[in-house]
Amino acid sequence: MQPSPEIILTSEQLRLLDALHGRDFLCLHDYSPEEIAGLLALAGVLKKTKTKRCNALANKQLACIFTKPSTRTRVSFEVGIKKLGGSAVILSATDSQINRGEPIADMARVLSRYVDGIMIRTFAHSDVEELAEYSTVPVINGLTDDFHPCQVMADLLTIQERLGQLAGKHLVYIGDGNNMAHSLLFAGAKTGMHVTICCPVGYAPSSEILRQAQEDALPGTKLEIRHDDLAAVAGADVLYTDVWASMGQEEEKEVRSKVFARYQINQDVLAQAAPDCMVLHCLPAHRGEEITADVLEAHADEIFDQAENRLHAQNAIMLALMGSPYAVVA
Ligand code: CP
Ligand code: NVA
């Protein structure tokens, strides 16, 4: 592992981040390459101070809505805002009025009067867009069927820390063309990282999202979809995978386990990649399905750093949207 470059925020980055106050964080498509670079730099600064608490979000409240399960997202947001001096209120579908059909627009307007920010994990991305439309406080996407932008911010931070830079690196994602694949396409587009999505025919990312990501792509950035598992991996700097059946696709699990059988990160696949290739997984992992146990354990440092980085990346996002980065960096 190469040493991380020193992370310093320039005054221009600080001004840029300060201007994010009040914005939503729904998809990387909505953020400029400079804003994403600034958020990653701020996350690095916050990571360095991880043992300390600070009061940058003193008295700020975050509502966290979950209509899908979570371990990392729930704990990292709740612990994260506490570290910044604020607190979180967790709302699940079963113990709130969500499952009883309260309109999203009403929930948005009510919560906006109680809290300073809303994080939501749910199914339809359009529900999160509606929540953001009616909220007067920032809305953060904690995963939808289409996107997982907080996860890719942690992924970018992990790659940047270990490889020193993102531009020009080649990430190969093996698996379903799902919310992670979509988010990684935007992550590549905005940072200049080449992204190959290697998936079975019929399980490719949305062509509209690919088109948008290609439109967003920094000059020289290659985004591609391939279906040939081993060949796609040649020279990769980062291999990435995710579950074959996402939350909400439980009934397709059996069919998917057959369709995806060849789309696994194992020693044979790893042997085709660049020497010292990183392996990342957003977790939870299913050993023996999308990744073998030996590969996961051999790359556990990277994968659990990646999980830790959820905390730092999200704290940077919350700080920029709900507070001011000057509070910790100035
Ligand atoms: N990676 C991720 O979002 O994990 P959780 O589902 O546990 O939140
Ligand atoms: N694609 C997975 C990601 C889990 C973090 C899912 O949506 O279930």
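First listed ligand is number 1; within each ligand, the first listed atom is number 1.
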Arg121, any N or O under 3.5 Å of ligand 2 N or O: no
Aromatic contact, His281 with Tyr240 (centres under 6.0 Å): no
Close-contact set for ligand 1 against Cys282 heavy atoms, below 4.0 Å: 1 (N)
Under 4.0 Å to a heavy atom of Asn179 - the qualifying atoms of ligand 2, by number: 1 (N), 2 (C), 6 (C), 7 (O)
Closest protein heavy atom (residue, atom, distance) for atom 6 (O) of ligand 1: Arg121 NH1, 2.8 Å
Sequence-distant partners of Asp268, side-chain contact (heavy atoms from CB on, under 4.5 Å), two or more places apart: Asn266
Lys/Arg-Asp/Glu bridge criterion (N-O < 4.0 Å) met for Glu250, Lys253: no
Nearest-contact summary for atom 5 (C) of ligand 2 - protein heavy atom, Å: Leu283 O, 3.6 Å
Atom indices of ligand 2 within 4.0 angstrom of Leu143 heavy atoms, with elements: 3 (C), 4 (C), 5 (C), 7 (O)
Ring geometry between His29 and Phe186 (parallel below 30°, tilted from 30 to 60°, perpendicular above 60°): tilted
Greater than 12 external heavy atoms within 6.0 Å of Arg74's CZ: no
Protein heavy atom at shortest distance from atom 8 (O) of ligand 2: Met247 N, 2.8 Å
Within 6.0 Å of CD in Glu251, more than 12 heavy atoms from elsewhere: no
Proximity to ligand 1 by part of Leu283, non-hydrogen separation under 4.0 Å: backbone
Numbering as shown, the atoms of ligand 1 that approach Thr71 to under 4.0 Å (heavy-atom distance): 5 (P), 7 (O), 8 (O)
Heavy atom of the protein closest to atom 2 (C) of ligand 1 (residue, atom name, distance): Arg310 NH1, 3.3 Å
Residue selection (non-hydrogen contact nearest atom 3 (C) of ligand 2) among Asp176, Val243, Asp242: Asp242
Contact partition for Arg74 relative to ligand 1, non-hydrogen atoms under 4.0 Å: neither
Protein contact of atom 4 (O) of ligand 1 - nearest heavy atom, named by residue and atom, plus distance: Arg72 NE, 2.8 Å
Flag for Tyr31-Asp216: side-chain donor and acceptor within less than 3.5 Å: no
Any side-chain donor near an acceptor of the partner, Thr122 and Asp127, under 3.5 Å: no
Cationic N near anionic O, under 4.0 Å, Asp106 to Arg109: yes
